[in-house]
J.: 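Questions regarding the structure given below will be posed in turn.
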Amino acid sequence: MEKFNETAKSIAENAVRYAADSGLDLDYTRETVENVDAFLQAFHENLDKYQGDEGAKTLWNAAVLFGVYTGEMLLRCGLAEKGFAWAEDDGLPILTAPGGKTSASPISKAHKRILNGPEDSMQSFVDVVFSFVNGQWPKTGVLRVPDAETASGEKTERIVLKEAEHYISLVAAGKEDFVIFTSHDGFFQFYGVGDRFVCEAWFNLNGRRAYALINPHCANTERVSLVTPFGRYTPRERDIISLKQLKAAVQAYFSNLEEADFLAEVPHEEMEL
């Protein structure tokens with residue numbers, strides 16, 4: 001990918017010229033991400049005009065153009081100094097730090113911005129990236145964008161709350177055994193079927209703090225049977241929550257970057273490890 005690090009500069013300059021033709025200034029400052037959002041919003045508002053393979057190709061090319069610009073802006077605004085560079089991840093250019101443990105995918109994010117609209121904003125993405133690399137996580141104005149993984153092995157990077165509904169429905173309908181949302185500070189996982197689910201939240205990544213989400217209206221801590229298409233489980237009755245409670249918990253997880261803020265919104269008990 002060393003060659004792409006040079007190619008990316010050329011692609012970014014094409015984005016600068018393309019945006020200028022529409023009266024939008026891109027000068028590689030952090031503030032210009034607002035103009036990237038504005039440009040991609042125009043595509044989002046006209047999705048019906050991009051039908052079939054050709055339409056999908058046009059939208060993807062736009063995502064590459066402005067995703068690469070955003071990546072180059074991030075590099076110029078501090079990520080390059082921290083060792084970030086373009087690298088390949090399953091054929092897709094991403095930004096990654098030395099060792100590959102920390103990465104960001106501005107092209108994928110730009111594509112989601114086109115398809116999903118403002119809730120998948122590039123501004124939020126840029127804020128999260130800068131916060132992460134600087135070790136400062138803002139409590140407000142930024143939502144979690146975790147990776148999702150299903151029991152069958154389906155993996156999707158950086159999903160937004162609206163997309164989480166799809167994963168909830170897979171488990172509720174008995175199509176998946178469990179789903180895990182992995183974020184910067186741990187993971188959120190659940191299993192079940194219909195209107196009965198068991199859900200846990202783990203923080204600090206090494207499993208030091210784990211919480212069982214509970215039904216606050218149930219005091220029974222005896223083990224009961226929970227049968228799904230994938231087997232028979234024996235959770236405590238108090239640990240079985242409804243679909244409505246699960247959706248509320250997922251929303252709280254996506255809406256709070258801080259562990260304490262998330263826990264303040266959901267009934268829970270700390271698990272003994």
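Remember, it's a predicted structure, so these values are computed and weren't measured experimentally.
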J.: What closest approach, in Å, do Ala104 and Val129 show between heavy atoms, and which atom pair accounts for it?
T.: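 Residues Ala104 and Val129, closest heavy atoms: CB-CG2, 4.0 Å.
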
J.: Using the rule given for side chain to side chain contact (heavy atoms under 4.5 Å, CB included), can you reason through Ile114 versus Leu47, listing the C-alpha separation, both sets of side-chain angles and the distance that settles it, and then say yes or no?
T.: CA-CA 8 Å; Ile114 291 172; Leu47 287 178; 3.9 Å; yes

J.: Indicate yes or no: at least one non-hydrogen side-chain atom of Tyr167 is less than 4.5 angstrom from one of Glu154.
T.: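 Yes. Closest side-chain heavy atoms under 4.5 Å.
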
J.: When you measure from the side chain of Glu176 to the backbone N and O of Ser152, does any donor-acceptor pair fall under 3.5 Å?
T.: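 Yes, because the side chain of Glu176 sits within donor-acceptor range (under 3.5 Å) of the backbone of Ser152.
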
J.: Please step through side chain to side chain contact (heavy atoms under 4.5 Å, CB included) for the pair Tyr233 and Ile240, ending with a clear verdict.
T.: CA-CA 11 Å; Tyr233 304 90; Ile240 299 177; over 6 Å; no

J.: Please work out which of the three classes, parallel, tilted or perpendicular, describes the rings of Phe43 and Phe39, given edges at 30° and 60°.
T.: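 Ring orientation of Phe39 relative to Phe43: tilted.
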
J.: Any idea which heavy atoms bring Ala63 and Ala110 closest together, and the distance?
T.: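 Result for this residue pair: O-CB, 3.5 Å.
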
J.: Flag the pair Glu149 / Thr182 as yes when at least one side-chain heavy-atom distance between them is below 4.5 Å, and no otherwise.
T.: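 When only atoms from C-beta onward are counted, Thr182 and Glu149 do not touch, as no gap falls below 4.5 Å.
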
J.: For the backbone of Asp25 and the side chain of Asn35, can you confirm whether one donor and one acceptor N or O come within less than 3.5 Å of each other?
T.: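 Indeed, once roles are kept as given, a pair shorter than 3.5 Å links the two residues.
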
J.: Between Phe262, Phe188, Phe187, which is the residue that forms a ring pair (Phe, Tyr, Trp, His ring centres under 6.0 Å) with Trp202?
T.: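 Considering Phe262, Phe188, Phe187, a ring pair (Phe, Tyr, Trp, His ring centres under 6.0 Å) with Trp202 is found only for Phe187.
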
J.: Are any side-chain N or O atoms of Ser124 and backbone N or O atoms of Asp120, one a donor and one an acceptor, separated by less than 3.5 Å?
T.: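 Checking the backbone N and O of Asp120 against the side chain of Ser124, no donor-acceptor pair under 3.5 Å is found.
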
J.: With rounding to the nearest 0.5 Å, note down the distance linking CD in Glu269 to OG1 in Thr221.
T.: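 OG1 of Thr221 is found 8.5 Å from CD of Glu269.
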
J.: Dump the intermediate steps for side chain to side chain contact (heavy atoms under 4.5 Å, CB included) on Glu222 and Glu237, then the final yes or no.
T.: CA-CA 6 Å; Glu222 296 298 320; Glu237 184 176 4; over 6 Å; no

J.: Hey, are the side chains of Leu74 and Phe125 touching, using non-hydrogen atoms and a 4.5 Å cut-off?
T.: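 Side-chain contact under 4.5 Å: yes.
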
J.: Judged by modelled atom types alone, do Glu6 and Trp86 share a side-chain donor-acceptor pair under 3.5 Å?
T.: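 No, Trp86 and Glu6 have no side-chain donor paired with an acceptor closer than 3.5 Å.
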
J.: Report yes or no: does Arg144 contribute a side-chain atom to a donor-acceptor pair with the main-chain N or O of Asn256 at less than 3.5 Å?
T.: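 Looks like yes, one N/O pair under 3.5 Å.
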
J.: Can you check whether Phe181 and Tyr253 have ring centres sitting under 6.0 Å from each other?
T.: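 Here the rings of Tyr253 and Phe181 have centres that are no less than 6.0 Å from each other.
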
J.: Does Asn215 use its side chain to pair, donor to acceptor, with the backbone of Ile241 at less than 3.5 Å?
T.: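 Side chain of Asn215 to backbone of Ile241, a donor-acceptor pair under 3.5 Å: no, none is there.
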
J.: Does Val160 sit in a hydrophobic cluster with other residues, and if so which ones, taking ILVMFWY side chains as linked at heavy-atom separations under 4.5 Å, directly or through other members?
T.: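 When side chains under 4.5 Å apart are linked, the cluster holding Val160 also contains Val145.
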
J.: Kindly indicate whether the side chain of Glu157, heavy atoms from C-beta on, has any atom under 4.5 Å from the side chain of Asp89.
T.: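 Yes, at least one pair of side-chain atoms sits under 4.5 Å.
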
J.: When you compare the side chain of Gln245 with that of Pro267, does any pair of heavy atoms fall below 4.5 Å?
T.: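 Sidechains of Gln245 and Pro267: no contact.
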
J.: Parallel, tilted or perpendicular: which describes the rings of Phe197 and Phe190, with under 30° parallel and over 60° perpendicular?
T.: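 Perpendicular.
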
J.: Look at atom NZ of Lys175 and say whether more than 12 heavy atoms of other residues, nucleotides or ligands are closer to it than 6.0 Å.
T.: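 At most 12 heavy atoms, drawn from other residues, nucleotides or ligands, come within 6.0 Å of this atom.
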
J.: Is atom CZ of Arg232 surrounded by more than 12 heavy atoms (other residues, nucleotides or ligands) closer than 6.0 Å?
T.: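 12 or below, so no.
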
J.: Roughly how far, to the nearest 0.5 Å, is the CG atom of Leu79 from the OG1 atom of Thr96?
T.: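 Between Thr96 OG1 and Leu79 CG, I get 10.5 Å after rounding to 0.5 Å.
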
J.: If we only count heavy atoms from C-beta on, is the Tyr191 to Gln189 side-chain gap below 4.5 Å?
T.: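 Result no, sub-4.5 Å side-chain heavy-atom pair not found.
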
J.: Return the minimal non-hydrogen interatomic distance between Asn116 and His44, and the atom names on each side.
T.: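 So the two residues come closest at C-CE1, 3.5 Å.
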
J.: Give the minimum heavy-atom separation between Arg113 and Ser121, together with the two atoms involved.
T.: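 Arg113 and Ser121 have their closest heavy atoms at CD-CA, 3.7 Å.
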
J.: Is the backbone of Ile214 close enough, under 3.5 Å, to the side chain of Asp239 for a donor and an acceptor to pair up by distance?
T.: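 Absent.
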
J.: I'd like to know if Lys155 and Asp147 make a salt bridge, using a cut-off of under 4.0 Å between side-chain N and carboxylate O.
T.: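 Looking at Asp147 together with Lys155, the answer is no, because their closest N to O distance does not fall below 4.0 Å.
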
J.: From Arg76 CZ over to Glu72 CD, what is the distance, rounded to the nearest 0.5 angstrom?
T.: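 Between atom CZ of Arg76 and atom CD of Glu72 there are 6.5 Å.
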
J.: Judged by atom type as modelled, is there a donor-acceptor pair below 3.5 Å linking the side chain of Thr228 to the main-chain atoms of Phe230?
T.: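 Yes.
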
J.: Are there over 12 heavy-atom neighbours, none belonging to Tyr50, within less than 6.0 Å of that residue's OH?
T.: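 Yes, enclosed.
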
J.: A quick test of your reading: do over 12 heavy atoms of other residues, nucleotides or ligands sit less than 6.0 Å from NZ of Lys57?
T.: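 Count not over threshold, so no.
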
J.: How long is the gap from NE2 on His268 to SG on Cys199, to the nearest 0.5 Å?
T.: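 Answer for the NE2-SG pair, His268 versus Cys199, is 12.5 Å.
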
J.: Nearest 0.5 Å, please: how far is CG in Asn14 from CG in Leu65?
T.: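 Reported value, rounded in 0.5 Å steps: 6.5 Å.
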
J.: Under a 4.5 Å cut-off applied to non-hydrogen side-chain atoms, are Thr32 and Tyr69 in contact?
T.: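 Sidechains of Tyr69 and Thr32: in contact.
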
J.: Is the side chain of Arg209 donor-acceptor paired with the backbone N or O of Phe203 at a distance under 3.5 Å, no angle test?
T.: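 Looks like no, no N/O pair under 3.5 Å.
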
J.: Please say whether more than 12 non-hydrogen atoms of neighbouring residues, nucleotides or ligands are located less than 6.0 Å from CD in Gln123.
T.: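 For Gln123, atom CD is crowded (more than 12 foreign heavy atoms under 6.0 Å).
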
J.: Please check if the number of heavy atoms outside Glu270 that lie under 6.0 Å from its CD is greater than 12.
T.: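 Counting other residues, nucleotides and ligands, CD of Glu270 exceeds 12 neighbours.
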
J.: Closest heavy-atom contact between Leu226 and Val198?
T.: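 Closest heavy-atom pair between Leu226 and Val198: CD2-CG2, 3.8 Å.
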
J.: Would you mind checking if Arg30 and Asp127 are paired as a salt bridge, meaning a charged N to carboxylate O distance below 4.0 Å?
T.: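 Yes, this pair counts.
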
J.: Should Val179 and Ile168 count as side-chain neighbours, where that means a heavy-atom distance under 4.5 Å?
T.: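 Not in contact.
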
J.: Taking CG in Asp53 as the centre, count heavy atoms belonging to other residues, nucleotides or ligands within less than 6.0 Å. Is the count above 12?
T.: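 Counting other residues, nucleotides and ligands, CG of Asp53 stays at 12 neighbours or fewer.
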
J.: Under the 3.5 angstrom rule, does the side chain of Lys112 hit a backbone N or O of Ser108 as a donor-acceptor pair?
T.: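 No, because the side chain of Lys112 does not come within donor-acceptor range (under 3.5 Å) of the backbone of Ser108.
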
J.: Side chain to side chain contact (heavy atoms under 4.5 Å, CB included) between Tyr28 and Val16: does it pass, once the steps are laid out?
T.: CA-CA 9 Å; Tyr28 298 96; Val16 171; 3.7 Å; yes

J.: Could you state the interatomic distance from CD (Glu165) to NZ (Lys162), rounded to the nearest 0.5 Å?
T.: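 Going from the CD atom of Glu165 to the NZ atom of Lys162 covers 11.5 Å.
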
J.: Identify the two heavy atoms, one from Ala172 and one from Val193, that lie closest to each other, and give their separation to 0.1 Å.
T.: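 So the minimum-distance heavy-atom pair works out to O-CG2, 3.6 Å.
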
